Novice: 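There's a structure below that I have some questions on.
Just so it is clear: chains get the letters A, B, ... in the order the sequence lines come, proteins before strands, and each one is counted from 1. What you see is a predicted model, and the numbers here were worked out from it, not measured in a lab.
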Amino acid sequence: MDPSWLERPVPRLAPALLGGTVTVRSGEGTVTVRLTEVEAYDGAEDPGSHAFRGRTARNASMFGAAGHLYVYRHLGLHHCVNLVTGRPGEAAAVLLRAGEVVAGRALARERRRRTGVCRTDVDLARGPARLAVALGLDLEDDGAAVLDPAGRVSLLRAQDPPSSVQGPRVGVSGPGGDARLYPWRFWVDAEPSVSAYRPGAPRRPRTAH
DNA sequence: GAAACGATTTGCT
DNA sequence: GCAAATCGTTTCT
């Protein structure tokens, strides 16, 4: 993929990533996820971004070139995966929040079984930490390049990106969570693999029995 | 050094 | 609907 495609302003780029695929090859096998939900984070200018308070050891890969991963550990339990975009030093990134497993389902299920419960295939990569588990990505993949189609991790653009809906980012406190200023979560409408946690939107009630 | 807190998930009520 | 789990990173004294 042409790296310059990733250099446009991240709030405009993020929805264009929907429908694209992320493939990870490992000794265990190959898993591919089609992205259905993402969030944009706009570097030092964005109070919701990890880069807002400048470069640190943890977020160093955000400040690198577009087309690499920024992976971090959250709450001591989970990993979240971002695609670094923009120009070097800009620290813009797109958080990969959810997707649909389109290849390697058996392996994705096995990985999810190791770390948690997974009742249906739709849940395999429904949520940022689940997506990381399904793909087998962790801190080792921080900084990994994704633009080489033959690499261990590779990103492919959607040929025909689906139409998307946007709303407030999840779990961002302070001004960065203000939907009027940063309505930067994008998802494919009516897509079951979009993460369940949606403030302001009704959650599907648990089945009674 | 110490302390607070976080771009979440899960299970129990 | 709510709270626990669990620990690295960052900030403050």
Novice: Just wondering, are more than 12 heavy atoms of other shown residues or ligands nearer than 6.0 Å to CZ in A/Arg152?
Specialist: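 Result for CZ/A/Arg152: enclosed.
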Novice: Figure out the CG/C1' separation between A/Leu139 and C/dT9, and round it to whole Å.
Specialist: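 After rounding, the gap between these two atoms is 12 Å.
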Novice: Atom CZ of A/Arg111 and atom P of B/dT9: how far apart are they, to the nearest Å?
Specialist: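 About 17 Å, once rounded to whole Å.
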Novice: Say whether A/Val146 and A/Val71 are linked into one hydrophobic cluster, either directly or through other cluster members, by side-chain heavy-atom distances under 4.5 angstrom.
Specialist: yes
Novice: Just wondering, are more than 12 heavy atoms of other shown residues or ligands nearer than 6.0 Å to CZ in A/Arg53?
Specialist: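 Atom CZ in A/Arg53 is not crowded, with 12 or fewer foreign heavy atoms closer than 6.0 Å.
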Novice: Rounding to a whole Å, what distance do you find between A/Arg114:CZ and B/dT9:P?
Specialist: 19 Å
Novice: Taking C-beta and beyond as the side chain, do A/Phe63 and A/Val84 meet within less than 4.5 Å on heavy atoms?
Specialist: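 SC-SC contact between A/Phe63 and A/Val84 ruled out.
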Novice: Counting only non-hydrogen atoms, which of residues 49-76 of chain A are less than 4.0 Å from DNA chain C?
Specialist: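 Here the set is A/Arg53, A/Thr56, A/Arg58, A/Leu75, A/Gly76.
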Novice: Reckon A/Gly48 touches a base, only the sugar-phosphate, or nothing at all at heavy-atom distances under 4.0 Å?
Specialist: base
Novice: What verdict does the side-chain hydrogen bond (donor to acceptor under 3.5 Å, both in side chains) test give for A/Ser193 and A/Thr36, after you've listed the backbone C-alpha separation in whole Å, the side-chain angles of each residue and the deciding distance to 0.1 Å?
Specialist: CA-CA 7 Å; A/Ser193 63; A/Thr36 56; 3.0 Å; yes
Novice: Whole angstroms only, please: what is the CZ-C1' distance between A/Arg130 and B/dT10?
Specialist: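 Result: 8 Å.
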Novice: Could you tell me whether A/Arg114 atom CZ has more than 12 heavy atoms of other residues or ligands within 6.0 Å of it?
Specialist: yes
Novice: Is a salt bridge present between A/Arg34 and A/Glu191, judged by a nitrogen-to-oxygen distance below 4.0 Å?
Specialist: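 Result for this pair is yes, salt bridge flagged.
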Novice: Under 4.5 Å between any side-chain heavy atoms of A/Val38 and A/Trp184, yes or no?
Specialist: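 In short, these two side chains do not touch, never coming nearer than 4.5 Å.
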Novice: How many Å lie between OH on A/Tyr41 and C1' on B/dA7, as a whole number?
Specialist: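 These atoms are roughly 4 Å apart.
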Novice: Just checking, A/Arg97 and A/Phe186: is the charged tip under 6.0 Å from the six-membered ring centre and within 45° of the axis?
Specialist: no
Novice: Answer whether the closest heavy-atom distance between the side chains of A/Leu69 and A/Leu137 falls below 4.5 Å.
Specialist: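 Yes, their side chains come closer than 4.5 Å.
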Novice: Please give, in whole Å, the distance from B/dA7 C1' to A/Arg169 CZ?
Specialist: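 Rounded to the whole Å, the gap is 9 Å.
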Novice: At a heavy-atom distance below 4.0 Å, what parts of residues 78-94 of chain A sit against DNA chain C?
Specialist: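 Residues of residues 78-94 of chain A that come under 4.0 Å of DNA chain C do not exist, since none gets that close.
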Novice: What is the separation between atom CG on A/Asp42 and atom C1' on B/dA7, rounded to the nearest whole Å?
Specialist: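 These atoms are roughly 15 Å apart.
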Novice: Round to a whole Å and report the spacing from CG of A/Leu77 to C1' of B/dG6.
Specialist: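 Those two atoms, CG and C1', are 11 Å apart.
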Novice: Any side-chain N or O of A/Arg112 below 4.0 angstrom from OP1/OP2 of B/dT9?
Specialist: no
Novice: Please convert DNA chain C into dot-bracket. A pair counts if it is Watson-Crick or G-U wobble with both distances under 3.5 Å; crossing pairs go in [ ] and bases paired with another strand get |.
Specialist: |||||.||||||.
Novice: Is the CD atom of A/Glu45 crowded by more than 12 outside heavy atoms at less than 6.0 Å?
Specialist: no
